[in-house]
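Throughout, a chain's letter reflects where its sequence line sits, starting with A, and its residues are numbered from 1. Just so you know, these numbers come straight off a predicted model, no measurement behind them.
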2 protein chains.
Amino acid sequence: MKEKVNMGKIAEMFNVSIVTVSKALNDKDGVSDELREKIKKTAEDLGYRPNHAAKSLKTQKVYNVGILIANRYVDSQEAYYFSVCGELIKKLTALEYSGIMEILQPDDERDNKMPRMFLESKVDGIIVLGQLEEAYLRHLETIDIPMIYFDFYVNYSNIDSIISDNFFSSYQITDSLIEKGHKQIGFVGNIHSTSSIQDRYLGYYKALLEHQMDIDNEYIVSDRDGLGKLIDLKLPRKMPTAFVANCDQVAYKLINTLKKEGYEVPKDVSVVSFDNTIYSTIAQPQITTVDNNVEDMVTTATRIMIKKINNPIRTYGRVLIKGKVIKRESSQNI
Amino acid sequence: MKEKVNMGKIAEMFNVSIVTVSKALNDKDGVSDELREKIKKTAEDLGYRPNHAAKSLKTQKVYNVGILIANRYVDSQEAYYFSVCGELIKKLTALEYSGIMEILQPDDERDNKMPRMFLESKVDGIIVLGQLEEAYLRHLETIDIPMIYFDFYVNYSNIDSIISDNFFSSYQITDSLIEKGHKQIGFVGNIHSTSSIQDRYLGYYKALLEHQMDIDNEYIVSDRDGLGKLIDLKLPRKMPTAFVANCDQVAYKLINTLKKEGYEVPKDVSVVSFDNTIYSTIAQPQITTVDNNVEDMVTTATRIMIKKINNPIRTYGRVLIKGKVIKRESSQNI
DNA sequence: CTGAAAGCGCTTACAG
DNA sequence: CTGAAAGCGCTTACAG
């Protein structure tokens with residue numbers, strides 16, 4: 001275990017060339033099965049580990065995928081992006097890649113500093129987890145290795161995106177409220193804040209339109225300021241019978257606000273939301289929500305990334321992944 | 001941006017050798033300041049990125065640290081280990097290292113499969129985040145790169161550990177209750193279950209001893225069975241005026257149980273706990289707890305890891321990191 | 001089936 | 001201050 005063992009050492013032991021050892025260990029043609037097996041066994045016994053750097057130097061691939069995530073997404077106790085990150089890493093490992101995670105600091109985002117893992121040629125491609133500032137993204141898009149945006153997209157750019165089908169899911173869950181007999185349905189979220197909130201708003205709107213229900217601006221409640229910081233919710237004077245909240249955390253806040261003002265959920269007001277995070281289960285009552293189907297998103301993202309690494313020309317556009325409605329106790333028939 | 005630029009190309013442009021370019025870019029002696037600046041500027045303009053693999057091949061270091069974490073710690077919505085992981089990665093980045101995260105699957109843990117990042121020589125050292133099965137750890141300890149256990153230790157092993165000072169923190173927070181005038185103080189936790197609960201129990205005991213307060217077995221309430229599964233809490237018939245709970249989640253349960261039985265917190269009974277997790281803030285009232293001081297733990301772990309990479313002989317033993325008491329509303333003067 | 005040769009892009013002594 | 005030489009551990013044509 002102490003002496004460094006490399007292909008040369010194994011080659012010596014068998015009186016063959018390094019080329020033969022390389023072929024044997026990498027399951028390439030040109031070695032007899034018998035010799036291959038013996039070499040493999042010896043490598044195993046000696047605890048041989050291929051020198052990854054040497055391989056990379058020749059193949060020009062490092063078999064690492066970078067995961068870039070802004071500090072603001074990992075700061076809170078809520079850990080949606082972290083669990084996505086975990087899933088990404090599992091999938092990458094299964095595909096013989098490793099995941100290098102880097103957290104983008106606010107200063108670096110402002111100063112357009114490229115990720116270190118890119119500058120140091122440590123990754124073959126980058127998955128950007130969660131939206132970044134526009135100026136930064138424009139700068140980032142000048143890099144010459146494959147990139148994928150995960151969980152967001154930007155209008156002006158051609159970078160492939162993996163996103164949950166917020167529009168369709170929102171349409172579905174709003175529709176389910178309408179089917180339960182609700183005719184006044186509000187929406188909670190700053191619709192100018194992120195594309196995901198916007199899409200959810202539009203899906204909600206589509207459901208209303210299809211049922212000839214007009215949108216009432218009174219029913220649209222903002223949840224955050226321009227910088228994304230959550231603000232206190234101001235309930236409408238005229239109350240709807242149901243709310244579609246743009247995420248669980250806000251739905252959780254909404255339910256508490258409603259209770260404080262004397263409304264019962266779901267008896268007086270139904271609440272549904274998105275993301276199926278911890279907030280949807282610690283709320284009283286537990287919240288009917290949409291699970292983003294992270295599993296599917298992650299599988300798709302890693303598969304596309306590896307295809308792009310092997311063929312950088314190919315593009316995939318915006319890939320929409322359908323969510324699943326999780327029925328709980330916060331919504332009921334009217 | 002298209003043509004691959006390497007040191008050779010830059011050397012050509014200036015009619016100097018690759019050695020000179022290398023020295024210039026790496027701030028080594030042996031280049032005139034003037035030339036150095038010109039080379040650096042050109043490298044920047046051309047978007048030169050050093051080939052990390054080539055550097056590694058020579059230096060025998062990859063400048064990556066692995067973070068190994070069992071799947072069971074990242075499966076739940078609660079994300080303590082993820083946030084630790086995030087902090088580790090930030091610190092590593094600041095120290096010019098990258099973090100490669102790998103999630104250990106249950107099967108691989110059972111089958112003693114070494115982490116891929118190790119087998120593929122992608123990391124210079126490994127930080128193990130959270131306890132693993134004993135047999136697996138014994139196997140893991142045969143590897144020949146530096147290793148650190150984070151947030152746990154094992155009695156039989158010599159691997160350096162970074163752990164929170166549960167004993168001392170518990171002593172401190174119990175002492176703070178005594179200073180508030182409490183004389184009957186209970187402890188909630190199965191003291192035979194984990195070393196962390198045991199240490200917290202002993203710290204609690206030490207505080208009582210120092211104030212000549214006898215321990216009353218009636219006041220010790222178990223919280224989980226032998227397998228770690230949480231059980232319903234059985235309140236003592238004779239109620240103490242305060243409880244030290246072994247973690248926030250159990251404190252949260254305790255508060256709800258107390259309320260159900262008609263006790264007010266903190267008016268009738270004060271409650272303090274450990275970990276400063278989401279449970280401590282969603283409880284009503286919010287819980288006085290001990291923050292593990294992840295910041296300090298992480299700083300220490302990364303610093304030690306890098307020292308070990310540069311000098312693998314040196315050992316650091318069990319490093320205890322002090323926690324910080326976070327005062328909230330669940331405890332008060334008697 | 002086997003191997004000699006070249007080379008990936010750097011760094012590290014060492015000589016001038 | 002500058003550079004020629006050697007070499008890190010592999011893989012990839014290519015020749016036999």
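- Atom CG in A:Leu57 sits about 17 Å away from atom P in D:dG7, given to the nearest Å.
- Side-chain contact annotation: A:Tyr48 with A:Asn6, donor-acceptor N/O pair under 3.5 Å absent.
- For the pair A:Glu120 CD and C:dG9 P, the interatomic distance rounds to 18 Å; values are reported in whole Å.
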*What string of B, S and - do you get for nucleotides 10-16 of chain C, 5' to 3', if B is base contact, S is sugar-phosphate-only contact and - is no contact with any protein heavy atom under 4.0 Å?*
BBB----

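- Each salt bridge (charged side-chain N to carboxylate O under 4.0 Å, His left out) pair with one or both residues in residues 46-63 of chain B, not counting sequence neighbours, appears once here: A:Asp144-B:Arg49.
- Note: B:Tyr63 and B:Tyr97 have tilted aromatic rings, judged against thresholds of 30 and 60 degrees for the angle between ring planes.
- Distance NE2 (A:His52) to P (C:dG9): 16 Å, rounded to an integer number of Å.
- Taking only side-chain nitrogens and oxygens, A:Thr20 never comes nearer than 4.0 Å to OP1 or OP2 of C:dT2.
- Across the protein-nucleic acid pair, B:Asp33 atom CG and D:dC1 atom P stand 7 Å apart, rounded to whole Å.
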*Structure string for DNA chain D in dot-bracket form, Watson-Crick and G-U at under 3.5 Å, | interchain*: |||.||||||||.|||

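- Dashed line: the shortest gap from a side-chain N or O of A:Ser17 to OP1 or OP2 of C:dT2 is not under 4.0 Å.
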Under 3.5 Å, which donor-acceptor pairs do the side chains of residues 125-134 of chain B form with other protein atoms, sequence neighbours left out?
{"residue": "B:Glu134", "atom": "OE2", "partner": "B:Arg138", "partner atom": "NE", "Å": "3.3"}
{"residue": "B:Glu134", "atom": "OE2", "partner": "B:Arg138", "partner atom": "NH2", "Å": "2.8"}

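- A residue-by-residue look at B:Gln60 and B:Asn15 shows that B:Asn15 has its nearest nucleotide of DNA chain D further toward the 5' end.
- Qualifying side chain to side chain contact (heavy atoms under 4.5 Å, CB included) partners for B:Ser32, counting only residues two or more places apart in sequence or in other chains: B:Glu34, B:Leu35.
- Heavy atoms of other residues, nucleotides or ligands lying less than 6.0 angstrom from CD of A:Glu141 number more than 12.
- With hydrogens and angles ignored, the 3.5 Å screen pairs no side-chain donor or acceptor of B:Thr20 with any backbone N or O of B:Val16.
- The list of salt bridge (charged side-chain N to carboxylate O under 4.0 Å, His left out) pairs with a residue in residues 301-320 of chain A, not counting sequence neighbours, reads A:Asp160-A:Lys308.
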